[in-house]
There are 2 protein chains.
Amino acid sequence: MTAKPALTRNQTLVLQTLTAAVEPLSAYAILDRLRGEGFRAPLQVYRALDKLLETGLVHRLDSLKAFVACSHPHEHGGEEMVAFAICETCGGVWEFSDSKIEDRFSAWAEAEGFLTRTTTLEISGLCSLCRQRAAAGEAVEAGV
Amino acid sequence: MTAKPALTRNQTLVLQTLTAAVEPLSAYAILDRLRGEGFRAPLQVYRALDKLLETGLVHRLDSLKAFVACSHPHEHGGEEMVAFAICETCGGVWEFSDSKIEDRFSAWAEAEGFLTRTTTLEISGLCSLCRQRAAAGEAVEAGV
DNA sequence: ACTCCAATGTTATATCATTACATCGTTTGC
DNA sequence: GCAAACGATGTAATGATATAACATTGGAGT
Ligand SMILES: [Zn+2]
Ligand SMILES: [Zn+2]
Ligand SMILES: [Zn+2]
Ligand SMILES: [Zn+2]
């Protein structure tokens with residue numbers, strides 16, 4: 001059985017910090033938010049993140065060099081691909097999993113004999129809300 | 001018209017270095033290979049890379065913090081999504097563009113009202129050749 | 001109590017990227 | 001021609017991200 005071991009104090013604090021944040025946080029941003037809890041060095045954060053990344057409770061957004069708490073940790077203990085949409089204006093992140101996207105990559109990998117271990121799927125742009133706000137802003141500037 | 005301006009000396013050197021390399025190179029690795037050409041500071045590399053990334057002649061692999069020359073620069077002056085498969089053993093990179101993958105992301109974006117600006121699509125694992133070699137190696141270790 | 005092992009604490013260092021400012025050469029307007 | 005404007009370049013310093021190395025602590029198992 002060996003149910004997944006409970007999180008340690010440091011891991012819990014880091015996960016809480018990420019869960020509470022609305023936007024992705026860098027390791028050093030996490031560190032700053034945990035100084036009150038006694039955190040003093042980057043390694044305390046990175047070590048906790050290592051475990052959290054291993055168990056899938058946290059994801060790293062390579063394009064941002066930042067970390068987010070998983071939106072649905074219960075779901076993908078498995079192996080399915082996860083993708084992220086990142087709003088450049090508000091910093092919001094939407095995590096989604098699309099089996100059809102995975103199928104396409106699998107098809108490519110199959111054809112090439114490539115064995116996939118990890119994937120980085122991130123799209124950056126403007127979320128629906130920021131898009132609307134941007135359009136409204138332009139309209140104002142244009143004197144409409 | 002304004003045909004795209006010719007590359008400057010620094011840009012040319014950086015692009016040549018990336019093209020000659022078999023694996024992705026970090027900015028500092030590029031710098032080291034160009035010291036003989038008079039390069040002395042990271043900024044010389046980063047500035048050249050900025051332009052090369054803009055024009056699509058070079059890509060950054062976020063998951064590696066490294067850069068590669070584009071495999072088919074003529075093709076995507078346009079806007080289509082590009083994906084990369086990265087072998088963790090030999091460092092090889094395969095650049096491919098799959099309209100079906102793009103269609104899936106577009107479908108998601110359409111549904112959410114998300115406006116895509118840039119994408120990061122990278123899969124890491126073992127290429128066909130390294131996979132075979134790994135299998136052979138295991139066989140040897142097992143005494144077969 | 002003793003050993004083992006994982007987590008933690010601490011310092012230093014490695015790696016990646018940008019800011020700030022000076023210089024040089026070309027183009028543009030006069 | 002000349003000067004302003006601009007882009008590319010050179011150089012130094014700094015910021016931001018991540019890891020190495022080593023000491024210490026605190027159970028779990030014997
Ligand atoms: Zn997740
Ligand atoms: Zn937004
Ligand atoms: Zn390309
Ligand atoms: Zn390989």
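Just so we're on the same page: letters track the sequence lines, and every chain starts at 1. Nothing here was measured: the structure is a model prediction, and the numbers come from that model.
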TODO: Choose from C:dT19, D:dA21, C:dA17 the nucleotide whose nearest atom is closest to any side-chain atom of B:Leu43.
DONE: C:dT19
Task: Closest to the A:Pro42 side chain, choosing from C:dT18, D:dT9, D:dT19 - done: D:dT19
- [ ] Select from A:Tyr28 and B:Leu64 the residue whose nearest nucleotide in DNA chain C is closer to the 5' end of that strand.
- [x] A:Tyr28
- [ ] Would you please confirm or rule out a distance under 4.0 Å between OP1 or OP2 of D:dT9 and any side-chain N or O of B:Gln44?
- [x] no
- [ ] Quick one: closest heavy-atom pair of B:Glu37 and B:Arg9, and the distance?
- [x] O-NH2, 2.8 Å
- [ ] To the nearest 0.5 Å, tell me how far A:Ile123 CD1 sits from B:Trp108 CH2.
- [x] 5.0 Å
- [ ] Give the rounded distance in Å between these two atoms: CG of A:Asn10 and C1' of D:dG26.
- [x] 14 Å
Task: B:Phe39 CZ to D:dT9 P, straight-line distance once rounded to whole Å - done: 8 Å
TODO: Would you mind telling me which residue lines up with the more 5' stretch of DNA chain D, A:Ser26 or B:Arg40, judged by nearest nucleotide?
DONE: B:Arg40
Task: A:Asp32 CG - D:dG15 P separation (whole Å) - done: 14 Å
Open item on the list: Can you measure A:Lys51 atom NZ to C:dC5 atom P for me and round it to whole angstrom units?
Closed with: 15 Å
Task: Spacing between A:Glu37 atom CD and C:dT8 atom P, to the nearest angstrom - done: 14 Å
- [ ] Send over the distance from A:Leu34 CG to C:dT8 P, rounded to a whole Å.
- [x] 13 Å
Task: Distance in Å, B:Thr118 OG1 paired with B:Leu53 CG, rounded so as to fall on 0.5 Å steps - done: 11.5 Å
- [ ] Write down the atom of B:Gly91, the atom of B:Pro24, and the distance for their closest heavy-atom approach.
- [x] O-CD, 3.2 Å
Task: Between P of C:dA17 and CG of B:Leu25, the distance in whole Å - done: 13 Å
TODO: Round to the nearest Å and state the distance from B:Tyr46 atom OH to C:dA20 atom C1'.
DONE: 18 Å
Task: Proximal nucleotide (of C:dT8, C:dA17, D:dT11) relative to the A:Arg47 side chain - done: C:dT8
Task: Given D:dT11, C:dT8, D:dA18, the nucleotide with the shortest approach to the side chain of A:Thr8 - done: C:dT8
Open item on the list: Just verifying a value: how many Å separate A:Glu110 CD and A:Asp103 CG, rounded to the nearest 0.5 Å?
Closed with: 11.5 Å
